[in-house]
Enquirer: 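Please see the structure below; I have some questions.
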Amino acid sequence: MMQQSGAPVTRCWRGADMRGKLTKRSVEALRSDVRDLFMWDTEIPGFGCKITPKGSRIYLLQYGRRGRDYRVNIGRHGIDVTAEQARLEARRLRGVVAAGENPAVERMRERSALTVADLGERYMIEYAAAHKKPSAIAADRRNLDNHVIPLIGHLMVGAVERGDVARLMRDIATGKTKRDERTKSRGRRIVRGGEIVANRVQALLSKMFELAEEWKLRPDNSNPCRGLKHYAENKVERFLSSDELARLGAALTVAERGELALNELDEATGLARKMRGGQRKIGPRGEKLHVIAAIRLLLFTGCRVGEILGLKWSHVHLDRKLLLLPDSKTGAKAVYLSEHAIKVLAHIKPVPNNDHVLPGTLLGKPILSLRKPWLRLCAAAKLKNVRLHDLRHSFASVGAAGGLSLPIIGALLGHRQPTTTARYAHLAASPLHEAVDAIGIRILAAMTPQDRA
């Protein structure tokens, strides 16, 4: 049922439409809590406004040609057009129809001419920019530029079928888009592809085609990504053992003193250090104190790498033993600080004109990457297949093994869903281990012959 507040109206029962002059006041007073309903203008024939149960108000013009009705959307009230602008456009469209043209058919032709590349650009501008974080926007841009556009960017949006998307996923998984090219004098652009990337591209395309249906670029329920199977993903869950943590701690201490064996690290990591002229540097080396502090903060807080590298002094509240992050992967987040983390932060001296806790070499910017120093530290500590993100897993695994409940661990990590923390359940299962040991003892006792008196 449609209601209009602020002015007396005629009740409109199910199946009926309303009539009246479309103005800002009358349109904004309309409500529909049952289904899409319409109010038709009394001055311009066919000019109307559709009101959806979700509150959208869409201006349109309906007209007939050769025994068939057509409808053209003019725009959303208050977003695309005002009531008066919609009225002017309705008059213009009626003139186009009177001249013998069919604007609805022309729009359909224009839409069918859009390519997947065009849809990708519209997705980035109208959806990603408004609803995604900068890191996710950058990932979408890379997937569009490196995989979607080279493989199916030329296809018409309305012509893409499930087989096209399946073929795209196979091509990405087998490395068809893989490349390594120079971008600047010292820059490289590495595109790897693979099954995991294929899954991410499929998710991106699914959202793009979902929006294409919403934007009337494809028929409803025609998403070509629907029903496609993903490649299996085996999540890497690497936790540092007590011995590995001890070796990492020793490597951090050695690096802090500037005593890392340079030649051995170069051979292990492939990160050869050279002076101008091509001579190879020799002798021990260290890592910058801010790099060492970043690694230790990752260990003591369980934060994500981006959260620590982007940390600002305005986020640090040592008196409350908290980091108050205004944004993270899961939104605003409070990070609880241990005494060890507080000690690390207390030893960092702020840099003038840089609010970042871990300043980089660029003026006013933080450290941009820990990749190379982390490779050197892993080589020094003899750690294999350990990512920086695994320090977060290690933080959680130590808590689980120490008897902390999964809800507590989830709160410390900033998890929103309990299922995200469930991966650490096997580490906190000491009562179950005791139970299975007791059962094993009983079974063994029953199977072992006893000396008979």
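Just so it is clear, the values below take in all heavy atoms, side chains as well, and ignore hydrogens, waters and symmetry mates. For the single chain, residues carry numbers from 1 onward in sequence order.
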Enquirer: What's the spacing between I58 CD1 and D36 CG if we round to 0.5 Å?
Expert: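 Between I58 CD1 and D36 CG, I get 7.5 Å after rounding to 0.5 Å.
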Enquirer: For a 4.5 angstrom cut-off between non-hydrogen side-chain atoms, does P373 reach R376?
Expert: yes
Enquirer: Give a yes or no answer on whether the side chain of E213 reaches the backbone of N221 with a donor-acceptor pair at less than 3.5 Å.
Expert: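 Present.
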Enquirer: Check whether more than 12 heavy atoms from other residues, nucleotides or ligands sit under 6.0 Å from atom NE2 of H340, and answer yes or no.
Expert: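 Atom NE2 in H340 is not crowded, with 12 or fewer foreign heavy atoms closer than 6.0 Å.
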Enquirer: Begin from the C-alpha positions of S397 and S394 and carry the test side chain to side chain donor-acceptor pair (under 3.5 Å) through to its verdict.
Expert: CA-CA 5 Å; S397 69; S394 300; 4.9 Å; no
Enquirer: Below 4.5 Å, heavy atoms only, C-beta onward: do N102 and V97 meet side chain to side chain?
Expert: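 No, their side chains stay 4.5 Å or more apart.
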Enquirer: Return the minimal non-hydrogen interatomic distance between S26 and K21, and the atom names on each side.
Expert: OG-O, 3.1 Å
Enquirer: Using 4.0 Å as the upper bound for N to carboxylate O, is an ion pair formed by D171 and R167?
Expert: no
Enquirer: Given side chains that start at C-beta, do those of I295 and L391 come closer than 4.5 Å, heavy atoms only?
Expert: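 Side chain of I295 against side chain of L391, heavy atoms only: contact under 4.5 Å found.
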Enquirer: Would you say that more than 12 heavy atoms from the other residues, nucleotides or ligands in this model lie under 6.0 Å from the CG of N353, or not?
Expert: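 No - once you tally the heavy atoms of other residues, nucleotides and ligands closer than 6.0 Å, there are 12 at most.
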Enquirer: Would you sort out whether T177 and V197 count as a side chain to side chain contact (heavy atoms under 4.5 Å, CB included), showing the intermediate values?
Expert: CA-CA 11 Å; T177 53; V197 176; over 6 Å; no
Enquirer: What are the two closest non-hydrogen atoms of L324 and A334, and how far apart are they?
Expert: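 Residues L324 and A334, closest heavy atoms: CD2-CB, 3.9 Å.
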Enquirer: Please examine the side chains of R65 and Y70, heavy atoms only from C-beta on, and report whether any two atoms are closer than 4.5 Å.
Expert: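 A side-chain contact exists here, since the closest heavy-atom pair is under 4.5 Å.
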Enquirer: Less than 4.0 Å between a side-chain N and a carboxylate O, is that true for D327 and K133?
Expert: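 Yes, K133 and D327 are salt-bridged.
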Enquirer: If you compare all heavy atoms of G64 against all heavy atoms of D69, which two are closest, and at what distance to 0.1 Å?
Expert: CA-OD1, 4.0 Å
Enquirer: Are any non-hydrogen side-chain atoms of T82 and R87 less than 4.5 angstrom apart?
Expert: no
Enquirer: Would you say the side chain of P45 lies within less than 4.5 Å of the side chain of R94, judging by non-hydrogen atoms?
Expert: yes
Enquirer: Step through the shown structure and confirm whether more than 12 heavy atoms of other residues, nucleotides or ligands are within 6.0 Å of NZ on K365.
Expert: no
Enquirer: Check the pair L93, E89 against side chain to side chain contact (heavy atoms under 4.5 Å, CB included), reporting the backbone distance first and the verdict last.
Expert: CA-CA 6 Å; L93 289 171; E89 178 63 11; 3.7 Å; yes
Enquirer: Counting only pairs under 3.5 Å, give me each side-chain donor-acceptor contact of residues 298-313, with atom names and distances, residues two or more places apart or in other chains.
Expert:
| from | atom 1 | to | atom 2 | distance (Å) |
| --- | --- | --- | --- | --- |
| T301 | OG1 | L297 | O | 2.5 |
| T301 | OG1 | C303 | N | 3.2 |
| R304 | NH1 | E307 | OE2 | 2.7 |
| E307 | OE1 | R304 | N | 3.0 |
| E307 | OE1 | K333 | NZ | 3.0 |
| E307 | OE2 | K333 | NZ | 3.4 |

Enquirer: Distance from R57 atom CZ to K24 atom NZ, nearest 0.5 Å?
Expert: 10.5 Å
Enquirer: Does R226, at its CZ atom, have more than 12 non-hydrogen atoms belonging to other residues, nucleotides or ligands within less than 6.0 Å?
Expert: yes
Enquirer: Would you please name every residue forming a side chain to side chain donor-acceptor pair (under 3.5 Å) with H315, sequence neighbours left out?
Expert: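 Residues passing side chain to side chain donor-acceptor pair (under 3.5 Å) with H315: none at all.
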Enquirer: Measure the spacing between OG1 of T361 and NE2 of H290 and express it to the nearest 0.5 Å.
Expert: 12.5 Å
Enquirer: When rounded to the nearest 0.5 angstrom, what is the spacing between OG in S314 and CG in D355?
Expert: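 Separation between the atoms: 4.5 Å.
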Enquirer: Do the rings of F47 and Y59 sit parallel, tilted or perpendicular, given the 30° and 60° boundaries?
Expert: parallel
Enquirer: Quick check: are there more than 12 heavy atoms from other residues, nucleotides or ligands sitting under 6.0 Å from CG of L363?
Expert: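 Not more than 12 within 6.0 Å, no.
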Enquirer: Where do E233 and N199 land on the side chain to side chain donor-acceptor pair (under 3.5 Å) test, with the steps shown first?
Expert: CA-CA 9 Å; E233 295 190 24; N199 287 345; 2.8 Å; yes
Enquirer: Does some side-chain heavy atom of V291 sit less than 4.5 Å from a side-chain heavy atom of L370?
Expert: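 Yes, close enough: below the 4.5 Å cut-off.
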Enquirer: Any donor-acceptor pair under 3.5 Å linking the side chain of R218 with the backbone of V157?
Expert: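 Checking the backbone N and O of V157 against the side chain of R218, a donor-acceptor pair under 3.5 Å is found.
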Enquirer: Could you tell me whether I342 atom CD1 has more than 12 heavy atoms of other residues or ligands within 6.0 Å of it?
Expert: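 For I342, atom CD1 is crowded (more than 12 foreign heavy atoms under 6.0 Å).
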Enquirer: Before giving the answer on side chain to side chain contact (heavy atoms under 4.5 Å, CB included), spell out for E126 and W215 the whole-Å C-alpha distance, their side-chain angles and the decisive distance to 0.1 Å.
Expert: CA-CA 11 Å; E126 297 188 22; W215 294 332; 3.8 Å; yes
Enquirer: Decide yes or no on side chain to side chain donor-acceptor pair (under 3.5 Å) for R179 and N146, but give the supporting numbers first.
Expert: CA-CA 9 Å; R179 63 182 182 276; N146 297 331; 3.2 Å; yes
Enquirer: What distance separates L252 CG from I292 CD1, expressed to the nearest 0.5 Å?
Expert: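 L252 atom CG to I292 atom CD1 measures 5.0 Å (nearest 0.5 Å).
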Enquirer: Is it true that E195 and R170 make a salt bridge, defined as a side-chain N closer than 4.0 Å to a carboxylate O?
Expert: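 Salt bridge flag = no for R170 with E195.
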Enquirer: Go through R141 and D145 one step at a time and tell me if the salt bridge (charged side-chain N to carboxylate O under 4.0 Å, His left out) criterion holds.
Expert: CA-CA 6 Å; R141 172 50 66 189; D145 292 344; 3.1 Å; yes
Enquirer: Kindly indicate whether the side chain of Y123, heavy atoms from C-beta on, has any atom under 4.5 Å from the side chain of L211.
Expert: yes
Enquirer: Is it the case that the side chain of R31 and the backbone of I51 share a donor-acceptor pair, with hydrogens and angles ignored and the cut-off at 3.5 Å?
Expert: no
Enquirer: Checking side chain to side chain contact (heavy atoms under 4.5 Å, CB included) against V148, which of L119, D140, L205, I172 comes through?
Expert: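 In the set L119, D140, L205, I172, the residue that makes a side chain to side chain contact (heavy atoms under 4.5 Å, CB included) with V148 is L205.
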Enquirer: Can you name the nearest heavy-atom pair linking A294 to L358, along with the distance?
Expert: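 In this case the closest contact between A294 and L358 is CB-CD1, 3.6 Å.
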Enquirer: Could you pull out the closest heavy-atom pair between V27 and C49, with the gap in Å?
Expert: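 Shortest heavy-atom contact: CG1-SG, 3.9 Å.
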Enquirer: Salt-bridged, E43 to R19, with N to O below 4.0 Å?
Expert: no
Enquirer: First locate atom OG of S206, then atom CG of L228, and finally report the distance between them rounded to the nearest 0.5 Å.
Expert: 9.0 Å
Enquirer: Is there a donor-acceptor pair under 3.5 Å between the side chain of R162 and the backbone N or O of C225?
Expert: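 Side chain of R162 to backbone of C225, a donor-acceptor pair under 3.5 Å: no, none is there.
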Enquirer: Where the side chain of R238 meets the backbone of K384, is there a donor-acceptor pair that is under 3.5 Å apart?
Expert: yes
Enquirer: Considering all heavy atoms of both residues, which atom of A396 and which atom of L413 are nearest to each other, and what is their separation?
Expert: CB-CD1, 3.7 Å
Enquirer: Would the distance check show the side chain of D41 and the main-chain N or O of I44 forming a donor-acceptor pair, the cut-off being under 3.5 Å?
Expert: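 Answer holds: yes.
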Enquirer: With side chain to side chain contact (heavy atoms under 4.5 Å, CB included) as the test, would you mind laying out the steps for W40 and M18 before giving the verdict?
Expert: CA-CA 6 Å; W40 300 103; M18 297 180 65; over 6 Å; no
